[in-house]
Amino acid sequence: MTSRQFVMLCLLPLAIFTMAFLALPLARLIMGSGESEAGWGIYLQILQKPRYLSALLQTVTVSVAVTFAALAISTTAGLFLVRNQFAGRGILLSILTLPLAFPGVVVGFMIILLGGRQGLVNSLLPGHWVFAYSVFGLFLGYLYFSIPRVLLTVMAAAEKIDPALEEAALTLGATPYRIIMDVLLPALAPALVAAGAIAFATAMGAFGTAFTLATDIDVLPMVIYTEFTLSANFAMASALSVVLGLVTWAMLLIARAFSGGTVAAGG
Amino acid sequence: MLKSPAKLLQLLVTLAACAFLLVPTLQSVLAGVTVNYFQGISSGLTLSWIGEVWELYSDSIFLSIRLALACLAVTLVLGVPAAYALARNPGRASRILEEFISLPLAIPGLALALALLQLYGSVRGFRVNWTFILVGHVLYTLPFMVRSVLSVLAAIDLKTLEEGAASLGASPARRFVDIVVPNALPGILAGALTVVTLSIGEFNLTWMLHTPLTKTLPVGLADSYASMRLEIASAYTLVFFVMIVPLLMAMQWASARAQRIMQ
């Protein structure tokens with residue numbers, strides 16, 4: 001066997017698996033979306049029927065809000081952890097990256113423990129404070145799994161910024177505020193775009209967290225789930241999945257264009 | 001350290017974020033070992049909730065471990081040789097293939113699961129078997145294995161090493177076993193730990209692919225959140241933490257190590 005033949009043979013198992021379980025199913029999903037009476041017009045229906053359109057808008061709104069909140073919190077914390085060495089820094093970093101391995105359902109349960117009927121806030125404050133199953137609860141859940149992902153991207157980029165730039169700005173008389181606005185944020189901009197795109201994509205596609213918290217909220221993954229399981233409207237479930245998949249895929253392509261790696265989209 | 005108010009504000013934001021992430025996890029640990037969470041810790045500590053979780057859900061825990069190990073085996077067999085092939089042919093076709101197998105990172109698991117269900121859902125023997133979930137887990141974790149191994153192989157001078165071995169008469173298969181695999185080991189280790197960690201925690205695909213007889217740990221968690229009392233749900237979450245946190249730490253250690261070796 002020649003070297004070239006051996007290399008091709010190495011690729012064969014993966015090629016077969018990918019063809020059978022990724023390429024063909026995705027093709028089936030796309031074809032399946034056109035199999036209802038509406039045909040390919042089903043994609044028009046998403047924009048015409050208030051139920052789908054409002055779910056789409058609500059999902060985008062929550063995801064955008066989470067993206068900006070996670071960027072603000074994680075950039076602040078990330079810059080602090082990169083620029084300061086102190087006892088306990090490692091522990092703080094471990095805490096902030098801990099949720100990376102939590103499935104979306106566990107994140108949802110964390111929010112129930114904070115804002116459910118037996119939750120921390122309700123037991124500490126007087127009156128009735130149950131927000132776990134509201135849009136705000138969903139926002140907190142998405143924020144919970146977005147903070148670690150954004151933090152890692154921001155910290156990796158911040159470590160590459162030359163501290164001499166800040167020192168130069170300082171000797172030229174710049175205030176800390178001006179240093180952040182004129183030196184750090186421009187240098188971090190590509191990483192912030194990448195991290196924001198990842199956070200947005202993850203929030204758009206988050207099923208586990210929504211499954212635990214959004215029993216009464218129409219976000220896209222929950223609508224797809226109910227269309228498929230309860231309404232048995234396979235064509236619409238497929239069409240919505242295709243739209244969702246295209247949006248998240250485009251977001252991650254943007255992220256890739258602005259920085260090297262991508263972090264797993266779970267939640 | 002805290003010379004300016006800006007620094008202080010940064011510290012406060014960092015601590016608030018830590019509290020937001022850590023407090024509910026501690027609550028869940030505490031609730032899992034408290035006799036009655038509503039009455040508080042004064043009702044006493046107990047391991048009986050953990051025992052009850054074991055009785056109710058030990059099957060799902062074992063299925064998740066079995067799935068994770070099977071997923072690891074499959075991703076090793078599919079992923080390591082493929083990463084080698086991609087490293088040997090760093091061209092446009094390789095880039096496209098790498099992008100394509102990475103699609104499951106970009107497309108939500110729910111959509112992938114629907115795609116699998118529509119194509120294979122009617123194949124009865126396969127649909128109700130645990131290997132149906134395995135396929136989903138392999139789809140989701142395979143890109144991590146391939147990329148982890150590929151990034152290590154791309155950082156070494158594979159061609160020269162192989163030419164040296166070839167000039168001494170080593171066959172392609174021999175070179176793969178004796179040169180490629182040992183050099184790729186840090187990447188294989190990091191990839192393996194990532195695969196196991198992600199497989200044990202996978203929910204989005206698994207929820208759609210599972211049947212009442214093939215419940216995994218996260219599926220059981222969702223079940224307990226919906227229908228069990230808070231103490232049992234918390235105890236089950238505690239069991240999950242005990243499994244996943246050491247894996248996460250090992251994964252982060254192995255990834256950092258692989259990065260160091262590459263430099």
Side-chain angles (χ1 to χ4, degrees), chain A residues 1 3 6-7 10-11 13-14 17-18 21-22 24-26 28-29 32 73 76-77 79-81 84 86 92 95-96 98-106 108-110 113-114 118 120 144 147 176 205 207-208 211-212 221 224-225 228 234 237-238 241 244-245 248-249 252 262 264-266, chain B residues 1 4 6 10-11 13-14 17-18 20-25 27-28 31 37-38 77-79 81-82 84-85 88-89 100-101 103-111 114-116 118-119 135 138-139 172-173 197-198 201-204 207 218 221-222 225 230 233 237 240 244-245 247-248 252:
Chain A
M1 185 167 19
S3 193
F6 181 76
V7 168
C10 280
L11 213 49
L14 177 117
F17 180 88
T18 306
F21 296 117
L22 185 59
L24 290 178
L26 285 181
R28 179 78 189 80
L29 184 77
I73 295 169
T76 311
L79 282 175
F80 182 73
L81 291 173
N84 298 283
F86 54 93
L92 292 187
I95 293 171
L96 288 170
L98 187 68
L100 278 178
F102 291 5
V105 269
V106 171
F109 185 58
M110 295 296 112
L113 286 172
L114 282 179
Q118 296 187 59
L120 185 70
Y144 194 99
I147 287 176
F207 174 59
F211 184 79
T212 319
I224 294 175
Y225 178 68
F228 189 80
F234 298 143
S238 303
S241 299
L244 182 61
T248 54
W249 186 48
L252 290 174
T262 44
Chain B
M1 185 176 99
S4 65
Q10 280 185 308
L11 175 67
V13 170
T14 309
C18 283
F20 172 50
L21 301 183
L22 189 63
V23 166
T25 53
Q27 273 180 277
S28 126
Y37 184 67
F38 194 63
V77 170
L78 298 180
Y84 164 68
R88 281 300 303 266
N89 295 307
F100 191 69
I101 64 159
L103 271 183
L105 302 187
I107 300 174
L110 182 64
L114 286 194
L116 282 173
Q118 295 200 35
L119 191 59
V135 164
V138 172
L139 267 185
T197 309
L198 291 177
E202 212 300 317
F203 174 79
N204 295 359
W207 180 262
L221 280 173
Y225 297 157
L230 194 72
T237 310
F240 173 72
I244 208 76
V245 171
L247 273 172
L248 177 70
Q252 288 174 335

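Worth knowing before you read on, the calculation uses all heavy atoms, side chains too, and leaves out hydrogens, waters and symmetry mates. Proteins get letters first, then strands, A, B, ... in listed order; numbering begins at 1 in each.
Interatomic distance, CZ of B:Phe100 versus CG of A:Leu22, reported as 4.5 Å (0.5 Å rounding). To the nearest 0.5 Å, the span separating CG on B:Leu248 from CZ on A:Phe102 amounts to 8.5 Å. The CG atom of A:Leu96 sits 9.5 Å away from the CG atom of B:Leu22 when rounded to the nearest 0.5 Å.
For B:Gln252, the part sitting under 4.5 Å from any heavy atom of chain A is the side chain, from C-beta outward, and nothing else. Interface residue B:Thr237: only side-chain heavy atoms are found under 4.5 Å from chain A. Contacts between B:Val135 and chain A at a heavy-atom distance below 4.5 Å involve backbone atoms as well as side-chain atoms. Contact of B:Ile101 with chain A is made through backbone and side chain together, with heavy-atom distances under 4.5 Å. In this structure, no portion of B:Ala31 lies under 4.5 Å from any heavy atom of chain A. Both the backbone and the side chain of A:Tyr144 come within less than 4.5 Å of a heavy atom of chain B. Contacts of A:Pro99 with chain B are made by side-chain atoms alone, with heavy-atom separations under 4.5 Å and no backbone atom involved. Residue B:Leu21 touches chain A through both its backbone and its side chain, counting heavy-atom pairs closer than 4.5 Å.
Looking at A:Ile95 and B:Thr25, their side chains never come closer than 4.5 Å, going by heavy atoms from C-beta outward. Annotation: side chain of A:Pro103 is not in contact with side chain of B:Glu202 (no heavy-atom distance under 4.5 Å). Proximity of B:Asn204 to A:Phe211: side-chain heavy atoms (C-beta onward) are nowhere separated by under 4.5 Å. Counting heavy atoms from C-beta on, the side chains of A:Arg28 and B:Leu116 never come closer than 4.5 Å. Side-chain contact between B:Leu119 and A:Leu29 is absent, with no heavy-atom pair separated by less than 4.5 Å.
For B:Val77, there are no side-chain contact (heavy atoms from CB on, under 4.5 Å) partners, not counting sequence neighbours. Partners of B:Thr197 according to the side-chain contact (heavy atoms from CB on, under 4.5 Å) rule, which considers only residues two or more places apart in sequence or in another chain, are A:Ala101, B:Ile244, B:Leu247, B:Met251.
When all heavy atoms of A:Phe234 and B:Gln118 are compared, the pair lying nearest together is O-NE2, 4.1 Å. The heavy-atom pair separating A:Pro13 from B:Leu78 by the smallest distance is CB-CD2, 3.4 Å. Closest heavy-atom contact between A:Gly245 and B:Pro108: CA-CD, 4.0 Å. Closest non-hydrogen pair, A:Thr248 versus B:Ala106, comes out as OG1-O, 2.7 Å. Smallest separation of non-hydrogen atoms from A:Val105 and B:Pro218: CG2-O, 4.1 Å.
Annotation: maximal heavy-atom pairing with chain A below 4.5 Å, among B:Thr14, B:Val245, B:Val13, occurs at B:Thr14. Ranked by heavy-atom pairs under 4.5 Å with chain A, the list B:Val23, B:Asn89, B:Leu103, B:Leu110 is led by B:Leu110. For the set A:Phe228, A:Trp249, A:Phe21, the entry with the most heavy-atom pairs within less than 4.5 Å of chain B is A:Phe21. Per-residue counts of heavy-atom pairs under 4.5 Å with chain A were compared for B:Ala111, B:Ala17, B:Cys18; the largest is that of B:Cys18. Contacts with chain B were tallied for A:Leu79, A:Leu113, A:Leu98; A:Leu113 has the most, counting heavy-atom pairs under 4.5 Å. Comparing A:Leu120, A:Thr212, A:Ile224 by heavy-atom pairs within less than 4.5 Å of chain B, the highest count is held by A:Leu120. The candidate with the highest count of non-hydrogen atom pairs below 4.5 Å against chain A, out of B:Phe38, B:Tyr84, B:Trp207, is B:Trp207. Looking only at heavy-atom pairs under 4.5 Å with chain B, the residue among A:Ile73, A:Val106, A:Thr18 that has the most is A:Val106.
Relative ring orientation between B:Phe203 and A:Phe207 is described as parallel, the plane-to-plane angle staying below 30° on a 0-90° scale split at 30° and 60°. Using cut-offs of 30° and 60° for the angle between ring planes, the A:Phe109 and B:Tyr225 rings count as parallel.
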Handout entry: Residues B:Arg88, A:Ser3; criterion side chain to side chain contact (heavy atoms under 4.5 Å, CB included); working and verdict
Key = CA-CA 10 Å; B:Arg88 281 300 303 266; A:Ser3 193; 4.2 Å; yes
Practice task
Apply side chain to side chain contact (heavy atoms under 4.5 Å, CB included) to B:Phe20 and A:Ile147, showing your working.
Solution key: CA-CA 10 Å; B:Phe20 172 50; A:Ile147 287 176; 4.1 Å; yes
